[in-house]
Amino acid sequence: MPELPEVETTVKGLRARVLKRAFVDVWSDWQKTIKKPVAFEDFKKELKNKKILNISRRAKNVIFDLSSGYSLLVHQKMTGHLLVGTWKFENGRWLPEEKGPLEDSYNLFIHLVFFLDDGNMMALSDLRKFAKVELWDSKELKKELEKLGPEPLEKTFTFKKFKEALKGKRGKIKIVLMNPEVVSGIGNIYANEALWMAKIHPKKDVSKIKESELRKLFDAIKKVLALGVELGGESFSDYRKPDGSKGSFGTERKVYKREKQPCFRCKTIIKRIHFNGRSSFICETCQQL
DNA sequence: TGCAGTGTTGCTTC
DNA sequence: CGAAGCAACACTGC
């Protein structure tokens, strides 16, 4: 799914619905999603009757701390999203029991279902099946997550911290920004948006960016991610909130997926370029190399 | 029909 | 050895 704002939106929605609940059972028709422990029966056994004590986000990971001292980690990757509701299994797939946003076609790729002790279900819908689920010893997971870059929306993420994160990094700024070991949570949408906002070309070499531009980029990252969280993320594709509804960041998107449309600042036609295996969207007037 | 795709890792190549 | 490029994962929608 998704990037920091989408994962944060998911976590908020889950807190309201599944915090303090316990797992009753687990179902899956694509057990490859569960990487740890590999054996599905072991995974099931470890979860059964365990209560969800806390739900948090670190980078693009959703983390459920359980009463057993273990933590369930869900990384939704490209198309995964967690939903809460009730479904019935019919003709080989899960159909929502109620009318409403859960009926959205993107919500029907359910390959993993957690049954909860209040009768609700938490489901992982994942069209491309790239998502991963892992069960960790909570302390070990904490240690593992320290390898990731700083959280850009934390108060402790200062301009100084940002510069430290970039220190010694070489190459194109967009690739560096999207590296999870440099800064957490920035993916293709928000990297494009932040670079446009700061008027920096995505291919600009990190070493060639001036202090003043870096400052603008820092501000832009904070601003665009905070706005994304406020608006519940971006749902132009398959990302949905846990209730199945769409986020509304789309109304604020300035460059991503706006190829051939005019720049909101200067009317230059937005161009799509390709590198690092991804699309970048730029205004060649505002963002120069 | 063919290709792009909100992510990450790991292999290959230079 | 480091950096850059690319495939892999898997499948739908445009």
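Note that the structure is predicted; figures quoted are calculated from it, not measured. Convention: sequence-line order gives letters A, B, ...; per-chain numbering from 1.
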For the pair made of CG in A:Leu148 and C1' in B:dT8, what is the distance, rounded to whole Å? 11 Å
In this structure, how many angstroms lie between the P atom of B:dC3 and the NE2 atom of A:His274, rounded? 12 Å
Does B:dG7 have its OP1 or OP2 closer than 4.0 Å to a side-chain nitrogen or oxygen of A:Arg278? yes
So what does A:Arg272 touch, heavy atoms closer than 4.0 Å: a base, only the sugar-phosphate, or nothing? sugar-phosphate
Base-contact (B) and sugar-phosphate-only (S) positions in nucleotides 8-14 of chain C, heavy-atom cut-off under 4.0 Å, - elsewhere: -BBBSS-
Indicate, with yes or no, if A:Phe64 and A:Leu141 share a hydrophobic cluster defined by side-chain heavy-atom contacts under 4.5 Å among Ile, Leu, Val, Met, Phe, Trp and Tyr. no
Could you check A:Phe218 against A:Phe157 for ring-ring contact (aromatic ring centres under 6.0 Å, His included), going step by step and ending with a plain yes or no? CA-CA 10 Å; A:Phe218 170 77; A:Phe157 185 70; 5.6 Å; yes
Whole-angstrom distance between B:dC3 and C:dA7, as gauged at atom C1': 16 Å
Roughly, in whole Å, what's the span from OH in A:Tyr190 to P in B:dG5? 17 Å
From CE of A:Met178 over to C1' of B:dT8, roughly how many Å is that when rounded to an integer? 10 Å
Value in whole Å for how far the P atom of B:dC3 lies from CE of A:Met78: 17 Å
Worked check of side-chain contact (heavy atoms from CB on, under 4.5 Å) between A:Lys147 and A:Glu181: CA-CA 7 Å; A:Lys147 295 175 187 168; A:Glu181 288 173 8; 5.8 Å; no
Distance, rounded to the nearest Å, where A:Asn276 contributes CG and C:dA3 contributes P: 15 Å
Hey, what's the ring geometry for A:Phe159 with A:Phe162, parallel, tilted or perpendicular (30° and 60° as the breaks)? tilted
Side-chain N or O of A:His75 less than 4.0 angstrom from OP1 or OP2 on B:dT8? yes
Scanning all shown strands, the Watson-Crick or wobble mate of C:dA10 with both distances under 3.5 Å is none
Do A:Ser184 and A:Arg58 meet the criterion of a side-chain donor-acceptor pair at a distance under 3.5 Å? yes
Pairs under 3.5 Å (N/O, protein and nucleotides 11-14 of chain B):
none

Between atom CG in A:Asp238 and atom P in B:dA4, what is the gap in whole Å? 18 Å
Taking the ring centre of each residue, are A:Tyr239 and A:Phe249 less than 6.0 Å apart? no
After noting the C-alpha distance and the side-chain angles of A:Thr10 and A:His81, does the key distance pass the side-chain contact (heavy atoms from CB on, under 4.5 Å) rule? CA-CA 8 Å; A:Thr10 294; A:His81 53 276; 5.6 Å; no
Nucleotide B:dT8, atom C1' - distance to NZ of A:Lys147 in whole Å: 14 Å
Just checking A:Gly187: base, sugar-phosphate only, or nothing, at a heavy-atom cut-off of under 4.0 Å? sugar-phosphate
Give the table of side-chain donor-acceptor pairs shorter than 3.5 Å for residues 88-100 of chain A, with sequence neighbours excluded, one pair per line with atom names and distance.
from	atom 1	to	atom 2	distance (Å)
A:Glu97	OE1	A:Thr86	OG1	3.3

With rounding to the closest Å, how many angstrom separate the C1' atoms on B:dA4 and C:dC6? 16 Å
Quick one: do A:Leu227 and A:Tyr190 satisfy side-chain contact (heavy atoms from CB on, under 4.5 Å)? Show the steps, please. CA-CA 10 Å; A:Leu227 187 60; A:Tyr190 296 95; over 6 Å; no
Quiz item: cation-pi between A:Arg258 and A:Phe264, 6.0 Å / 45°: yes
Roughly how many Å apart are B:dG2 and C:dA10, using the P atom of each and rounding to a whole number? 22 Å
